[in-house]
Amino acid sequence: MARPTVNDAMILEAANEVAKNLQIDAEIIAEAYELHMDGYALAKQLDDRYYCDITTRDVEELDAMDTLVRQAVERAEKEWVEREGIAPKLAVGTEIKRGVIAGVSEYSPARYKVKEHGCTREGRHLLVLFEDAESEAARMASAA
């Protein structure tokens, strides 16, 4: 089964939470929302498309929308990891296209911490999905 991604149900769930403190229907908020949209952009979209009368306080409330959607995706990913028994297949030190695997993220589900080629900054890593790193490793092996 594929990794969960943002879906309409997650967006509506987040919109329902945000709408509790607003005079705007959750369905309208969900319809106006786009991924990675901050409160100002969402407020502007609501004003432009639905002629909502938006206040500064509304913008602050709408700012939570993107965080709530990202949290819903993360919960779904954690459930997916448990349900499907997802585990890393590549060892620390494995080279992939974008760098060398330095470990597994403690905070983001099913992601490797990858040290970019040439990066000398301590503690800086890319987060690479398990499935993306595995396909990069396979491509590198077949090219060799």
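Only this structure's heavy atoms are used, side chains among them; waters, hydrogens and symmetry mates stay out.
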Review point. Should Met10 and Asn7 be marked as a side chain to side chain contact (heavy atoms under 4.5 Å, CB included) after you check the CA-CA gap, both sets of side-chain angles, and the distance that decides it?
Key: CA-CA 5 Å; Met10 291 174 186; Asn7 61 42; 3.4 Å; yes
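We find the CG-CD1 distance between Leu46 and Ile54 to be 5.0 Å, quoted to the nearest 0.5 Å. Interatomic distance, Asp66 CG to Leu35 CG, rounded to the nearest 0.5 Å: 7.0 Å. Rounded to the nearest 0.5 Å, atoms CD1 (Ile96) and CE (Met140) are 8.5 Å apart. From Ser105, atom OG reaches atom CG of Leu129 across 11.0 Å, with rounding to the nearest 0.5 Å. With rounding to the nearest 0.5 angstrom, the NZ atom of Lys44 is 14.0 Å from the CG atom of Leu62.
Evaluation of the salt bridge (Lys or Arg N to Asp or Glu O under 4.0 Å) rule for Glu116 yields Arg124 as partners, not counting sequence neighbours. Partners of Thr55 by side-chain hydrogen bond (donor to acceptor under 3.5 Å, both in side chains), not counting sequence neighbours, listed by chain and number: Asp58. Legend: residues meeting salt bridge (Lys or Arg N to Asp or Glu O under 4.0 Å) with Arg3, ordered by chain and number and at least two apart, are Glu77, Glu131. Every residue meeting the side chain to side chain contact (heavy atoms under 4.5 Å, CB included) condition with Glu60, not counting sequence neighbours, appears here in chain and number order: Thr56. Contacts of Thr67 classified as side chain to side chain contact (heavy atoms under 4.5 Å, CB included), with partners at least two apart in sequence or in another chain: Arg70, Gln71. Not a single salt bridge (Lys or Arg N to Asp or Glu O under 4.0 Å) links Lys115 to another residue, sequence neighbours left out. With sequence neighbours excluded, the residues that form a ring pair (Phe, Tyr, Trp, His ring centres under 6.0 Å) with Phe130 are Tyr112. When the side chain to side chain contact (heavy atoms under 4.5 Å, CB included) test is applied to Val92, no partner is found at least two apart in sequence or on another chain. In terms of the salt bridge (Lys or Arg N to Asp or Glu O under 4.0 Å) criterion, Asp8 has no residue partners (sequence neighbours excluded).
The local environment of CZ in Arg57 is crowded, with over 12 non-hydrogen atoms from other residues, nucleotides or ligands closer than 6.0 Å. Under a cut-off of 6.0 angstrom, the local environment of CG in Asp48 is crowded, with over 12 non-hydrogen atoms contributed by other residues, nucleotides or ligands.
Summarising the geometry of Leu68 relative to Val18, their closest heavy-atom pair is CD1-CG2, 3.7 Å, with the distance given to 0.1 Å. When all heavy atoms are compared, the tightest approach of Ile86 to Ala110 is CG2-CB, 4.1 Å. Residues Leu90 and Ala137 come closest through the heavy atom pair CD1-CB, 4.0 Å. Closest heavy-atom contact between Val59 and Ala43: CG2-CB, 3.7 Å. A pairwise comparison of heavy atoms in Pro4 and Ala76 identifies CG-O, 3.5 Å as the closest pair. Residue Ala32 comes nearest to Arg49 through the heavy atom pair CA-NH1, 3.9 Å, listed as atom of the first residue, atom of the second, then distance.
Residues Leu127 and Lys113 have side chains in contact (heavy-atom distance under 4.5 Å, counting atoms from C-beta outward). Put simply, the side chain of Ile11 reaches to within 4.5 Å of the side chain of Met65, judged on heavy atoms.
Following chains of ILVMFWY side-chain contacts shorter than 4.5 Å, one can reach Val69 starting from Ile28, so the two form part of one hydrophobic cluster. Using a 4.5 Å cut-off between side-chain heavy atoms of Ile, Leu, Val, Met, Phe, Trp and Tyr, with links allowed through other members, Val73 and Ile29 fall into the same hydrophobic cluster.
Sorted by first and then second residue, the side-chain hydrogen bond (donor to acceptor under 3.5 Å, both in side chains) pairs with a member in residues 9-29 read Glu13-Arg75, Glu17-Lys20, Asn21-Glu61; sequence neighbours excluded. The side-chain hydrogen bond (donor to acceptor under 3.5 Å, both in side chains) pairs that include a residue from residues 80-104 are Arg98-Glu136, where partners are two or more places apart or lie in different chains. Residues in residues 28-76 take part in no ring-ring contact (aromatic ring centres under 6.0 Å, His included) pair, two or more places apart or across chains.
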